[in-house]
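Remarks on the structure that follows.
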Amino acid sequence: MPDITTELDCPPPQHAFVGERLLAHGHISRQQLAHASEMQSSIGIHLGKALIDLGFADERTVASAIAEESGLPFLDLVPDSVDEAIVRRLPEQLARERGVVALWQDGPAVSVGFTVPPDAALLDFVQDQLQAPVRAQLVTEASVEATLHGVYRDEYLDVAAVRLARETPAESAIRVITTAQKVCLILFVIVVAAGFVMAPVLTLMLVAATSTFFVVGFSVYKLHLVRLSLASDCEVPVSDEEIANLDDRDLPIYTVLVPVYREAEVLPILVRAMGQMDYPLSKLDVRILLEEDDHETITAARQPNLPNFIRPVIVPKGKPRGKPRACNYGLIHARGEFVVIFDAEDIPEPDQLKKAVIAFAKGGDRLACVQAKLNYFNGEQNLLTRWFTAEYSTWFDLFLPGLSATNSPIPLGGTSNHFRMSHLQKLGAWDPYNVTEDADLGIRLFKSGFITSVIDSTTFEEANSEVYNWIRQRSRWIKGYVVTYLVHMRNPVGLLRSIGFWPFVSFQLFIGGTPAILLLNPLFWMLTLLWFLTESQIIEAMFPPQIFYFGAAALYIGNFVFAYMNVLGCLRRQQYGSIKYALLSPLYWALMSIAAWKGFIQLFYAPSYWEKTNHGLYKADGSGVGLFVADSAARQPERAKLFEGGS
């Protein structure tokens, strides 16, 4: 099918007299008209959209005025009233991207709804598609989206859930482990078991030696990444001057996908955080992705004063449940040239989108993803949040920039990753069967020859402050890392050839090593404890002097490295009050191992099960999230008024 958007490209109508009509009917004030006219001039949009985005008039009122001006009838479209067979006579791409929907047969003609008065080229194109005369009527964008959602629901669900598995099954976790991998695993178990039978001491010694050397290699590699991050600037540089020089007219539409499930209490944070972004409101396309059975959050998201650029998208019931399927469904409705994922409680720095736009411009077409940094606004709530904050400071401020500097695959964070829409669509978007869809997507980007870069912009979110809730979250992450490793190691030789030797080594250490170390640690701790309690000769045989001294050094050095890197993360973030808690990081490591074993065991009976992390546990008391929102509102008072209803 031809690219309809390109073929019918034309500037949007300006509707010069719409404002005067709305003023004459008492829908807006003279001051509001002046404000909207200023926005129209500075951004390059039509006046009606400016009035809607500023909250001065609703979409229906503006559409009715445009219809009156253009001489077209206005239709208050009810999605259930359309003829589905007639709707499907127009290409879905045309309907979605140009706001055109065939409605029903009207005698020899077909009634067609347009979101803007059509020009001759668009009318001719629609008539050619329908092979019938067209009776044009004006409808709202929201009613067109609702109509398409009802008609194409099953097709949208199919794309969201199984597109990747159908088009590139080797890249999907719909099947976690292949037959060949099962055979290799069985052969490995047989060889090890035979070793224990035939030469138990030697086998134990080899296992201990291999594990010890792997732990040391893992620690040294992470130290190397940290050294690179500290020694040089591994991030895309974006200056304040470059941001100030951006012209709002030239900025692209930016889609923000926000998956939300049973989080009605954090929606006010989301609305305010999006409203304080330093980006033209008319070029923001924020989609709140809501699961169909989450009635409480849907009700909260349908508040009448929700800004026009924030639109709820109801994700129908289906399997597998979880964030990646919701994001895939939301991507179908996205209008932006770029798209970013935020969680519901996220508070990104206001200039993050502009920094990402500049980074994409500098990085060229191969730059497919820009990862912003994550940190926490409640880092000092308790000991767990302090550990969590130190870990994130190390991960996003030191590890990921180091991976970028070494041209290695970057496992993306779960939020604040910005994508070129075209590249994301080309890859098949997220894998709904992988519970760490972000890390998996980062690997697929690298395998496809695309680049991921890091920018110095932070999104603040809520650190998990309850131990069991934290364990559930972390166990899902570890399970997802194991799944990601298995998926991309289905053809190790092919992976090596496609990404190169050192990126392959990095993948082994970072994606395979992260869960492996956490699973191995308790075993070594138990062996150490048993030795002190029993002085068992078997344990002594496992660790001859060469391995024993090397292993003892690894034990102390590994714990030192882990604590030292967290201290460096705190220093990098100037979180000086958390340094003393970072020194206790080995205790946090033990907690991580508990979560790792929980996730590993769950892998065998529920590999795609998404353990929901509860948010909204932190109640601001004049600091934390309250401070971030209040500070941003104070810096942008004209925008803050728009979002008072969501507070």
Do [X] and [Y] pair up side chain to side chain, a donor and an acceptor below 3.5 Å, judged on atom types alone?
X    : Y    : result
T394 : N566 : yes
T484 : N434 : yes
S393 : Q575 : yes
Q381 : Y376 : no
Q371 : H418 : no
D346 : T459 : no
Y221 : S506 : yes

Keeping [X] on the side-chain end and [Y] on the backbone end, is there a donor-acceptor pair under 3.5 Å?
X    : Y    : result
S498 : L495 : yes
T255 : V339 : no
N469 : S465 : no
R490 : A170 : yes
S585 : A582 : yes
S172 : I174 : yes
N328 : W430 : yes
K479 : K598 : no
D294 : R262 : yes
T203 : A199 : yes

Salt bridge present between [X] and [Y] (N-O < 4.0 angstrom):
X    : Y    : result
E171 : K447 : yes
R325 : E291 : yes
D343 : K323 : yes
E437 : R444 : no
E292 : R153 : yes

Spacing of [atom1] belonging to [X] relative to [atom2] belonging to [Y], to within rounding of 0.5 Å:
X    : Y    : atom1 : atom2 : value
I269 : E461 : CD1   : CD    : 11.5 Å
I347 : N375 : CD1   : CG    : 12.0 Å
Y581 : L587 : OH    : CG    : 13.5 Å
S229 : R572 : OG    : CZ    : 6.5 Å
R420 : Q425 : CZ    : CD    : 14.5 Å
W387 : L584 : CH2   : CG    : 6.0 Å

Taking all atoms of both residues into account, what is the closest heavy-atom pair of [X] and [Y], and its distance?
X    : Y    : value
I314 : P316 : O-CD, 3.3 Å
G402 : L228 : O-CD1, 4.2 Å
T297 : E263 : OG1-N, 3.3 Å
V482 : P515 : CG2-CB, 3.8 Å
G379 : T389 : CA-OG1, 3.1 Å
P411 : I511 : CB-CD1, 3.9 Å

Parallel, tilted or perpendicular: rings of H149 and H333 (30°, 60°): tilted
Ring geometry between W470 and Y588 (parallel below 30°, tilted from 30 to 60°, perpendicular above 60°): tilted
Answer yes or no: is there a side-chain heavy-atom contact under 4.5 Å between [X] and [Y]?
X    : Y    : value
F396 : R573 : no
S593 : L519 : no
T385 : F377 : no
D293 : R321 : yes
V226 : L568 : yes
T436 : V483 : no
I341 : P259 : yes
I298 : P312 : no

Set of side chain to side chain contact (heavy atoms under 4.5 Å, CB included) partners for S608, sequence neighbours left out: Y433
I517: side chain to side chain contact (heavy atoms under 4.5 Å, CB included) partners, not counting sequence neighbours: F214, V215, F218, N521, W589
With sequence neighbours excluded, residues passing salt bridge (Lys or Arg N to Asp or Glu O under 4.0 Å) with E167: R163
Neighbour count >12 (heavy atoms, 6.0 Å) for atom CZ, R497: no
Other residues, nucleotides, ligands: >12 heavy atoms within 6.0 Å of E380 CD: no
Aromatic centroids of Y605 and Y609 separated by under 6.0 Å: no
Validation row, ring centre Y392 to ring centre W395 under 6.0 Å: no
Candidate pair R474 and I471, rule side-chain contact (heavy atoms from CB on, under 4.5 Å), full reasoning: CA-CA 5 Å; R474 185 53 58 100; I471 288 175; 5.9 Å; no
Cation-aromatic face contact K373/F460, 6.0 Å, 45 degrees: no
side-chain contact (heavy atoms from CB on, under 4.5 Å) between L289 and L257, intermediate numbers included: CA-CA 7 Å; L289 311 178; L257 299 181; 4.2 Å; yes
Full working for side-chain contact (heavy atoms from CB on, under 4.5 Å) between L518 and L520: CA-CA 6 Å; L518 295 176; L520 282 172; over 6 Å; no
Criterion side-chain contact (heavy atoms from CB on, under 4.5 Å) on F510 and L225, from CA distance to verdict: CA-CA 11 Å; F510 220 78; L225 295 178; 3.7 Å; yes
